[in-house]
Amino acid sequence: MLEKIILLLCCSCAVAQHLCTPDASDGYKVRLSIKTALEGQAYEWNENEMFLFRATLAFAMRNHIREQKFEVSNIIVCNETPRVSFWFVVTSPESTSVLIGKEDVEEAVRKSRNRINSAFLLTDKTLEFIGILPTLAAPVDPDTPPWLIVFGVVMGIVGAGIILLLVSSVVQKKRKNEMTDDEENCEETRVKTVENGSVGEGVYNMSFSDDERFTQM
């Protein structure tokens, strides 16, 4: 009986391993850049690190599909390379011959992406799930509503325009008054000049009259 159970488990593992191939329809390629990310503090990728990856991915699948109990054995890895890249597929806990669809795997990775990255001290750029978009940062809600900012800018422009118009009208009025004063001063000067000239022409010089009289005598 024990031999049959062991044989059945081996057959199941062989079938599941056969499902994991490069470019599998429900598989994903993972690429890690440990040395690029950590430089002098880079760790060596080994079987323990791979076990941690499979465990974190099983956690992500449990977190997404709560009614199913995923185990490390449900994460099948294949085509591993020394430069730390590999393919993986996820099998169903109910049947190891059935693969979990890409939609569920993608959503599970997205939900737990930060937890997966933290486990390996990496980021979306140094722990890449090829075909799964990087984690998007949560949108920042500004303290001031955008419409209020726009309203304030518009009102500021309107206020500046009103002030400019008032200053311009005051300056123009001042210049006009100055020009009027200058014209009045010029007119007064001209009138005085004319009056002085007329008075000068009407003055009779008696000395010339006496000389002419004595000359005739």
Side-chain angles (χ1 to χ4, degrees), residues 28-42 56 59-60 63-64 66 84-85 101-217:
Y28 286 98
K29 184 178 181 180
V30 178
R31 184 166 53 222
L32 294 89
S33 303
I34 301 173
K35 292 183 179 180
T36 301
L38 303 178
E39 297 180 350
Q41 298 180 349
T56 53
F59 161 80
N63 193 37
H64 175 56
R66 298 182 181 276
V84 195
S85 67
K102 297 188 71 170
E103 295 80 5
D104 286 326
V105 175
E106 289 181 10
E107 190 63 24
V109 171
R110 287 196 187 98
K111 285 183 177 179
S112 302
R113 190 63 182 268
N114 290 333
R115 300 289 294 274
I116 298 172
N117 290 346
S118 299
F120 299 98
L121 306 177
L122 301 176
T123 64
D124 291 346
K125 294 182 178 180
T126 52
L127 199 169
E128 300 176 82
F129 288 82
I130 309 300
I132 301 179
L133 296 177
T135 306
L136 296 177
V140 178
D141 295 330
D143 296 333
T144 305
W147 67 266
L148 186 58
I149 297 175
V150 174
F151 178 76
V153 172
V154 172
M155 291 303 296
I157 295 173
V158 172
I162 293 173
I163 294 173
L164 183 61
L165 288 175
L166 292 175
V167 172
S168 177
S169 62
V170 170
V171 171
Q172 290 180 358
K173 186 175 181 180
K174 185 177 180 181
R175 288 180 179 177
K176 186 176 180 180
N177 291 336
E178 291 177 353
M179 291 176 64
T180 303
D181 293 340
D182 292 341
E183 290 178 356
E184 290 179 354
N185 292 334
C186 290
E187 183 66 21
E188 289 178 359
T189 303
R190 187 177 64 81
V191 170
K192 289 180 179 179
T193 303
V194 172
E195 290 177 351
N196 293 335
S198 299
V199 172
E201 290 177 358
V203 173
Y204 183 74
N205 194 334
M206 294 300 294
S207 62
F208 286 102
S209 179
D210 293 340
D211 289 342
E212 289 178 357
R213 187 182 56 184
F214 286 115
T215 302
Q216 292 177 357
M217 290 177 65

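Note that this is a predicted model, so its numbers are computed, not measured.
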*Asks:* Would a 4.5 Å heavy-atom cut-off, applied to side chains only, mark Ile162 and Leu166 as touching?
*Replies:* yes

*Asks:* Within this structure, what is the OG1-CZ distance for the pair Thr123 and Arg113, rounded to the nearest 0.5 Å?
*Replies:*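 Reported to 0.5 Å precision, the distance equals 8.5 Å.
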
*Asks:* With heavy-atom distances below 4.5 Å as the criterion, would you say the side chains of Thr56 and Arg115 are in contact?
*Replies:* no

*Asks:* When you compare the side chain of Ile116 with that of Phe129, does any pair of heavy atoms fall below 4.5 Å?
*Replies:* yes

*Asks:* Give me the atom names and distance for the closest heavy-atom approach of Glu39 to Thr36.
*Replies:* CG-O, 4.1 Å

*Asks:* If you look at every heavy atom in Leu127 and Phe120, which pair is closest and at what distance?
*Replies:* CD1-CD1, 3.8 Å

*Asks:* With side-chain contact (heavy atoms from CB on, under 4.5 Å) as the test, pick out the partner of His64 among Glu106, Glu107, Arg110.
*Replies:*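 It is Glu107, the one option of Glu106, Glu107, Arg110 that forms the side-chain contact (heavy atoms from CB on, under 4.5 Å) with His64.
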
*Asks:* Measure the spacing between CG of Asn117 and NZ of Lys125 and express it to the nearest 0.5 Å.
*Replies:*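 Rounded to the nearest 0.5 Å, the CG-NZ separation comes out at 12.5 Å.
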
*Asks:* As an exercise, state the distance from OG of Ser168 to CD1 of Ile163, rounded to the nearest 0.5 Å.
*Replies:* 13.5 Å

*Asks:* Work out which heavy atom in Leu122 is nearest to a heavy atom in Ser33; give both atom names and the distance.
*Replies:* CD2-O, 4.3 Å

*Asks:* Are any of the side-chain heavy atoms of Ile34 and Thr126 separated by less than 4.5 Å?
*Replies:* no

*Asks:* Evaluate whether atom NZ of Lys35 has more than 12 neighbouring non-hydrogen atoms of other residues, nucleotides or ligands under 6.0 angstrom away.
*Replies:*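 Atom NZ in Lys35 is not crowded, with 12 or fewer foreign heavy atoms closer than 6.0 Å.
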
*Asks:* Find the distance between CD (Gln41) and CG (Leu121) and round it off to the nearest 0.5 Å.
*Replies:*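 Reported value, rounded in 0.5 Å steps: 9.0 Å.
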
